[in-house]
Amino acid sequence: MSGLWSLQPGKGLPVKKDFTTQEWRIIQRCRTPELVQQYLRTIPYNRELNGETCYSFRRVMRENRAHCLEGALVAAVILEQHGYPPVMVSIESQDKLDHVLLLFKRNGRIGSVARSRDIGLHGRKPVFRTVRDLVMSYFDAYVDFTGRITGYGATNLYELERYDWRFSMRNVHKVERHLQDIPHTTIHSSNERYQKARRQFLAFHREHPDRSPDYFANRGSWLE
């Protein structure tokens, strides 16, 4: 999996002149994964209902909204300018509502940056030895009425070679298809753990129907 972390784009990294003044200002302000995570939290969530959008970095800047994959693309473009390769993970769920993360490494450990409607599905600190360990840190937070993590796949967007996932004003659905088509590792999890997490979610939802659950024991590993 060493190639996953390669920083060798097929046609070279974009440079300052390729970005608008506003885009470059954001890139210069968000020099770390932590700052990118904070920035993503300021972008309204893109609640497209039928999978109709897949915005590039530039399109998100124009529309000022992003769902999880779009947020991961924003993080990829910003952090690429600060020496981080665009490594993404697609988390599969039993209800087909998948989640996408942008991964980063620091001191040999893996963390993530992510945008979600649910606070527990945002980024993670770089404390995980493997991608699987990081994905499993999302297990309990993923459980709701129908969700349960069943697998994951990792990719470096440079595998898309010359495809324009940074600046295109069209929907970049090829990224979405690529994340679906890459090999995925199945996650086998305890039914007892799943049922316990689901009961906890249902009880919380009955009491707080308009709140995102935040009671998870691993909150200390979240990228605040």
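Each residue takes its place number in the sequence, starting with 1.
The backbone N or O of Ser168 sits less than 3.5 Å from a side-chain atom of Ser56, completing a donor-acceptor pair. Remark: the backbone N or O of His178 is not paired with any side-chain donor or acceptor of Asp181 at under 3.5 angstrom. Looking at Gln38, its side chain never comes within 3.5 Å of a backbone N or O of Pro33 through a donor-acceptor pair. In terms of modelled atom types and a separation under 3.5 Å, the side chain of Asp144 and the main chain of Gly147 share a donor-acceptor contact. Checked by atom type and distance alone, the side chain of His173 never pairs as donor or acceptor with a backbone atom of Cys54 at under 3.5 Å. The closest donor-acceptor contact from the side chain of Thr155 to the backbone of Leu157 lies at 3.5 Å or more, if one exists at all. A donor-acceptor pair under 3.5 Å links the side-chain atoms of His184 to the main chain of Ile182, judged by distance alone.
Residue Arg219 places its CZ atom among more than 12 non-hydrogen atoms of other residues, nucleotides or ligands, all under 6.0 Å distant.
In this structure the side chain of Leu134 never reaches within 4.5 angstrom of the side chain of Arg129, judged on heavy atoms. Gln200 is not listed as a side-chain neighbour of Leu202, based on a closest heavy-atom distance of 4.5 Å or more. Looking only at side-chain heavy atoms (C-beta outward), Thr150 and Thr186 stay at 4.5 Å or farther from each other. Using a 4.5 Å heavy-atom cutoff, the side chains of Ile110 and Lys125 are not in contact. Residues Leu69 and Glu176 meet the side-chain proximity criterion, which asks for heavy atoms closer than 4.5 Å. Looking only at side-chain heavy atoms (C-beta outward), Ile27 and Lys16 stay at 4.5 Å or farther from each other. Between Pro86 and Asn156, the closest side-chain pair of non-hydrogen atoms falls below 4.5 Å. Under the 4.5 Å side-chain criterion, counting only non-hydrogen atoms from C-beta, Tyr163 is in contact with Val172.
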Legend entry - Derivation and outcome, side-chain contact (heavy atoms from CB on, under 4.5 Å), residues Val113 and His122: CA-CA 7 Å; Val113 179; His122 284 162; over 6 Å; no
Legend entry - Derivation of the salt bridge (Lys or Arg N to Asp or Glu O under 4.0 Å) call for Asp140 and Lys196: CA-CA 9 Å; Asp140 291 338; Lys196 179 181 178 181; over 6 Å; no
Inset, instruction - Decide yes or no on side-chain contact (heavy atoms from CB on, under 4.5 Å) for Phe19 and Val77, but give the supporting numbers first. - result: CA-CA 11 Å; Phe19 297 94; Val77 173; 3.8 Å; yes
Inset, instruction - Kindly determine whether Phe128 and Met136 satisfy side-chain contact (heavy atoms from CB on, under 4.5 Å), including the steps that lead there. - result: CA-CA 10 Å; Phe128 300 94; Met136 286 303 294; over 6 Å; no
Inset, instruction - Please test His82 against Thr32 for side-chain hydrogen bond (donor to acceptor under 3.5 Å, both in side chains), starting from the C-alpha separation and ending with a verdict. - result: CA-CA 8 Å; His82 302 297; Thr32 66; over 6 Å; no
Inset, instruction - Take Ser112 and Leu102 through the test side-chain contact (heavy atoms from CB on, under 4.5 Å) and record every step on the way to the result. - result: CA-CA 5 Å; Ser112 63; Leu102 188 283; over 6 Å; no
Inset, instruction - Decide salt bridge (Lys or Arg N to Asp or Glu O under 4.0 Å) for Arg166 and Glu80; before the verdict, give the C-alpha distance in whole Å, the side-chain angles of both, and the deciding distance to 0.1 Å. - result: CA-CA 11 Å; Arg166 301 177 185 91; Glu80 180 185 47; 2.8 Å; yes
Inset, instruction - Check the pair Asn46 / Thr53 against side-chain hydrogen bond (donor to acceptor under 3.5 Å, both in side chains), numbers first and verdict last. - result: CA-CA 9 Å; Asn46 181 8; Thr53 74; 2.8 Å; yes
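A pairwise comparison of heavy atoms in Ala76 and Trp165 identifies CB-CZ3, 4.1 Å as the closest pair. In this structure, Ala66 and Ile43 approach most closely via the heavy-atom pair N-CG2, 3.8 Å. Residues Ser6 and Pro85 approach most closely at O-CB, 3.2 Å, considering heavy atoms. Ala114 and Leu101 make their closest contact through CB-CD2, 3.7 Å (heavy atoms, listed as atom of the first residue, atom of the second, distance). Taking each heavy atom of Val135 and Ile149 in turn, the nearest pair found is O-CD1, 3.8 Å. Heavy-atom minimum distance, Thr146 versus Gln94: O-NE2, 3.0 Å.
When hydrophobic clusters are built by joining Ile, Leu, Val, Met, Phe, Trp and Tyr residues whose side-chain heavy atoms come closer than 4.5 Å, directly or via intermediates, Tyr84 is grouped together with Tyr39. Neither Met169 nor Val60 shares a network with the other; the hydrophobic side chains, linked directly or stepwise wherever heavy atoms of I, L, V, M, F, W or Y lie under 4.5 Å apart, form separate groups for each. Cluster annotation: Leu13 and Trp24 are assigned to the same hydrophobic cluster (Ile/Leu/Val/Met/Phe/Trp/Tyr, side-chain heavy-atom contacts under 4.5 Å, transitive). Side-chain heavy atoms closer than 4.5 Å link hydrophobic residues (I, L, V, M, F, W, Y) into clusters, and following such links, possibly through other members, connects Phe139 to Val127.
Separation of atoms OH (Tyr142) and CG (Leu97) is listed at 6.5 Å; rounding is to 0.5 Å. One finds the CG atom of Leu35 at 10.0 Å from the CD1 atom of Ile78 (value rounded to the nearest 0.5 Å). Rounded to the nearest 0.5 Å, atoms OG (Ser221) and CZ (Phe216) are 11.5 Å apart. In this structure, Arg59 CZ and Asn171 CG are separated by 6.0 Å, a value rounded to the nearest 0.5 Å. Taking CZ of Phe104 as the reference point, atom CH2 of Trp5 lies at 9.0 Å (rounded to 0.5 Å). Atom CZ of residue Arg41 and atom CG of residue Leu223 lie 8.0 Å apart, to the nearest 0.5 angstrom.
Residue pairs meeting the salt bridge (charged side-chain N to carboxylate O under 4.0 Å, His left out) criterion with at least one partner in residues 88-113, sequence neighbours excluded, are Glu34-Arg106.
Inspection of the Ser137 and Arg124 side chains reveals an N or O donor paired with an N or O acceptor under 3.5 Å. Remark: the Arg65 side chain and the Tyr55 side chain contain an N/O donor-acceptor pair separated by less than 3.5 Å. With hydrogens and angles left out, the side-chain atoms of Tyr45 and Ser116 include no donor and acceptor closer than 3.5 Å. Gln28 and Arg25 share no side-chain donor-acceptor pair at under 3.5 Å.
In terms of the side-chain hydrogen bond (donor to acceptor under 3.5 Å, both in side chains) criterion, residue partners of Trp222 (sequence neighbours excluded) are, by chain and number, Asn218. For the side-chain hydrogen bond (donor to acceptor under 3.5 Å, both in side chains) test, residues two or more places apart in sequence or in another chain that qualify with Arg148 are Ser189, Asn191.
The aromatic rings of Phe57 and Phe167 lie perpendicular to each other, with more than 60° between the two planes, well past the 30° mark. Note on ring orientation: taking the six-membered ring where Trp is involved, the planes of Phe201 and His205 are parallel (angle under 30°, cut-offs 30° and 60°).
With respect to Asp164 and Arg170, no salt bridge is recorded, no charged nitrogen being found less than 4.0 Å from a carboxylate O. For Arg115 and Glu70, the salt-bridge test fails: no basic side-chain N is under 4.0 Å from an acidic carboxylate O.
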